[in-house]
Protein chains: 2
Amino acid sequence: MTSSSAKHDVFQAIADPTRRKLLKLLSKEEMPVTVISGHFPMSRTAVSKHLRVLADAGLVKERKVGRETRYKLEPDPLVELKDWLQYFELFWENKLVALKLLVESDEAVAEHPGAPFGRDKLELKNIKDHK
Amino acid sequence: MTSSSAKHDVFQAIADPTRRKLLKLLSKEEMPVTVISGHFPMSRTAVSKHLRVLADAGLVKERKVGRETRYKLEPDPLVELKDWLQYFELFWENKLVALKLLVESDEAVAEHPGAPFGRDKLELKNIKDHK
DNA sequence: GTAATGTGAAACTAAATGGTTTCATATTTT
DNA sequence: AAAATATGAAACCATTTAGTTTCACATTAC
């Protein structure tokens, strides 16, 4: 029931740099197409098509206001990406754990916060410093 | 310097479902191409090309062993994805914060019970600001 | 009412993508 | 040495993608 059965999925939607820029832009505020396309070196129509792809993936919401259509970010579908990533977090954390085991005592490992995200480098540095 | 100057970037690499499946598969163990391609309904050559894209993005590492080339996951470049996502986490967390403010007191929120990601400090700061 | 504005749809194009089959090459195996 | 195996490179093809220009249609402004 995690939706995302549309014609475009999130992974595909964010594959394009222009679309990623669009998402950032629309995260700040709702904007009509003409204003949006002012931020890009391509035609308004091209931007419009990118917006359509994003809308298909559920990543933007459109609202008609008079003769203009305003778009804004809808971040929810990014959860799918997050979940996907989470699986791999496991792996790069295991690498870290292995490294820690090489460098530190059990104590250090016991301190492993179990926090899936966060800055790995910092975490590692913390451990080292902790010695 | 943080890599990702190759011909294929991470976002593009993970856009394809086959490649995502490849990453999962290669996360478990190192495998030679023929074995890998046994898991997919396409030709060995096609799989090989997907592997090339992944390698370009730095997401798999290849190692020659005798006449075979073994591939395995290299999760590091996914950090770029994680960082990109993190920006948007902010937004869906703010939505949560707004909801919390409707339902809960500041004290309760300070416990940040089910914070989706690790960015608790920011979240708390936002809440404080809102107070 | 007429002109101007904001937008999407359509038709088109060039390039990228995902796949195929065939071929060459290096390494084992016998 | 010859046969078998593992693989990548090349050439090719169909489809998708990212962009264009042109057109039609609402809505607002004059």
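Just so it is clear: chains get the letters A, B, ... in the order the sequence lines come, proteins before strands, and each one is counted from 1. Please read all numbers here as calculations on a predicted model, not as lab measurements.
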Is there a side-chain contact between A:Leu81 and A:Leu78 in this structure, where contact means two heavy atoms from C-beta onward sitting under 4.5 Å apart?
yes
Describe the nucleic acid contact of B:Arg70 in one word from base, sugar-phosphate, nothing, applying a heavy-atom distance below 4.0 Å.
nothing
Can you tell me if the side-chain N/O atoms of B:Tyr71 get under 4.0 Å from OP1 or OP2 in D:dG8?
yes
B:Glu30 pairs by salt bridge (charged side-chain N to carboxylate O under 4.0 Å, His left out) with which of B:Lys64, B:Arg63, B:Lys72, B:Lys61?
B:Arg63
Between C:dT17 and B:His50, is there an OP1 or OP2 to side-chain N/O distance shorter than 4.0 Å?
no
State whether the distance check finds a donor on one side and an acceptor on the other, under 3.5 Å, for side chain A:Arg67 versus base C:dT5.
yes
Here's a test of your reading of the structure: between A:Val33 and B:Val65, which maps to the more 5' nucleotide of DNA chain C?
A:Val33
Can you tell me the distance, in whole Å, between the NE2 atom of B:His8 and the C1' atom of C:dA16?
9 Å
How close do A:Ala13 and A:Ala57 get, heavy atom to heavy atom, and via which atoms?
CB-CB, 3.8 Å
To the nearest angstrom, the CZ-P distance between A:Arg20 and D:dA18 comes to 11 Å
Candidate nucleotides D:dT7, D:dT21, C:dG6, ranked by approach to the side chain of B:Glu68 - the nearest
D:dT7
Between A:Leu22 and A:Val47, is there a side-chain heavy-atom distance shorter than 4.5 Å?
yes
If you check the A:Thr34 side chain, which of C:dG6, C:dG18, D:dA10 turns out closest?
C:dG6
Let me know the distance between CZ of A:Phe11 and C1' of C:dG18, rounded to the nearest Å.
19 Å
Ignoring hydrogens and angles, are the base of C:dG8 and the side chain of A:Lys49 linked by a donor-acceptor pair under 3.5 Å?
no
No-H, no-angle donor-acceptor pair, B:Arg44 side chain to D:dG8 base, under 3.5 Å:
yes
Tell me whether the side-chain N/O atoms of A:Ser48 come closer than 4.0 Å to OP1 or OP2 in C:dG8.
yes
Quick check: do B:Tyr71 and B:Thr69 have side-chain heavy atoms less than 4.5 Å from each other?
yes
Could you give the CG-to-P distance, from B:Asp56 to C:dA16, as a whole number of Å?
14 Å
Looking across every strand, which nucleic acid part, if any, lies under 4.0 Å from A:Phe40 by heavy atom: base, sugar-phosphate, or nothing?
nothing
When we call it a touch if two heavy atoms are under 4.0 Å apart, what does B:Ser43 touch: a base, just sugar-phosphate, or nothing?
base
Would you say C:dT17 has OP1 or OP2 under 4.0 Å from some side-chain N or O of B:Gln12?
yes
Using atom CD1 of B:Ile14 as one end and atom C1' of C:dT17 as the other, report the distance to the nearest whole Å.
17 Å
Out of curiosity, A:Leu26 CG to A:Leu51 CG, how far, rounded to the nearest 0.5 Å?
6.5 Å
Value in whole Å for how far the P atom of C:dT17 lies from CE of B:Met42:
16 Å
Any side-chain N or O of B:Arg52 under 4.0 Å from OP1/OP2 of D:dT7?
no
Please state how far atom CG in A:Leu54 lies from atom P in D:dA18, giving the value in whole angstrom units.
11 Å
Mind calculating the distance between CE (A:Met31) and P (C:dG6) to the nearest angstrom?
13 Å
